[in-house]
**Q** 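Can you read through this structure? Questions will come right after.
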Amino acid sequence: MNKFELDKQPKASSGFKIPENYFDDFSAKILEKLQDDDRKVIPINRKKNHWMYAAAAVLVVSLSIPFYNILKKPTVALDNATLENYIADHSGMLDADFVELLDEKDLDQMSIDSNIENDAIEDLLSTNANLESYLIN
């Protein structure tokens with residue numbers, strides 16, 4: 001391989017030529033152009049009207065509240081009769097499902113006084129015509 005010597009190679013010109021004494025009076029020419037132009041100065045940090053944005057936000061919220069109230073469906077409280085009718089009509093629920101829905105307060109209200117004498121039970125069952133249905137079920 002041949003040795004490459006940079007100093008002996010022909011130099012290529014860049015194609016750009018600078019006029020003579022161009023940089024000598026360059027700063028003077030720039031200063032003349034700056035003094036001739038009276039331009040309006042635009043500040044970087046303009047005073048923003050934040051109160052206008054706040055007023056617009058309050059206006060939007062105040063106008064949207066009535067629409068929200070119209071679209072919101074009211075909740076209806078169930079009375080005991082309605083609940084009993086629903087349970088009677090939808091008897092597909094098991095006893096275990098009912099027990100899961102009850103809490104201690106409900107269980108205390110459902111306590112039954114079972115201090116009935118055996119003679120009263122025997123009299124009731126002997127006079128009842130549906131004795132067999134009680135025994136089967």
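Every heavy atom of this structure was used, including side-chain atoms; hydrogens, water molecules and symmetry mates were not.
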**Q** Under 3.5 Å, which donor-acceptor pairs do the side chains of residues 55-67 form with other protein atoms, sequence neighbours left out?
**A**
| residue | atom | partner | partner atom | Å |
| --- | --- | --- | --- | --- |
| S62 | OG | V58 | O | 3.1 |
| S62 | OG | L59 | O | 2.9 |
| S64 | OG | V60 | O | 3.2 |
| S64 | OG | V61 | O | 3.0 |

**Q** Counting only heavy atoms from other residues, nucleotides and ligands, does the tally under 6.0 Å from CG of N80 exceed 12?
**A**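 No, because the 6.0 Å sphere around CG of N80 holds 12 heavy atoms or fewer from other groups.
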**Q** Above 12 or not: heavy atoms from other molecules or residues under 6.0 Å from CG of N118?
**A**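 Check fails, neighbour count at 12 or below.
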**Q** Just checking E117: does its CD atom have more than 12 heavy atoms from other residues, nucleotides or ligands closer to it than 6.0 angstrom?
**A**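 Incorrect, the count does not exceed 12.
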**Q** Nearest 0.5 Å, please: how far is CG in N85 from CG in D79?
**A**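 One finds 8.5 Å between CG of D79 and CG of N85.
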**Q** Measure the CG-CG distance between D103 and D108 for me, rounded to the nearest 0.5 Å.
**A**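 The CG atom of D103 sits 9.0 Å away from the CG atom of D108.
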**Q** If the condition is ring pair (Phe, Tyr, Trp, His ring centres under 6.0 Å), which residues does Y22 pass it with, not counting sequence neighbours?
**A**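 F26.
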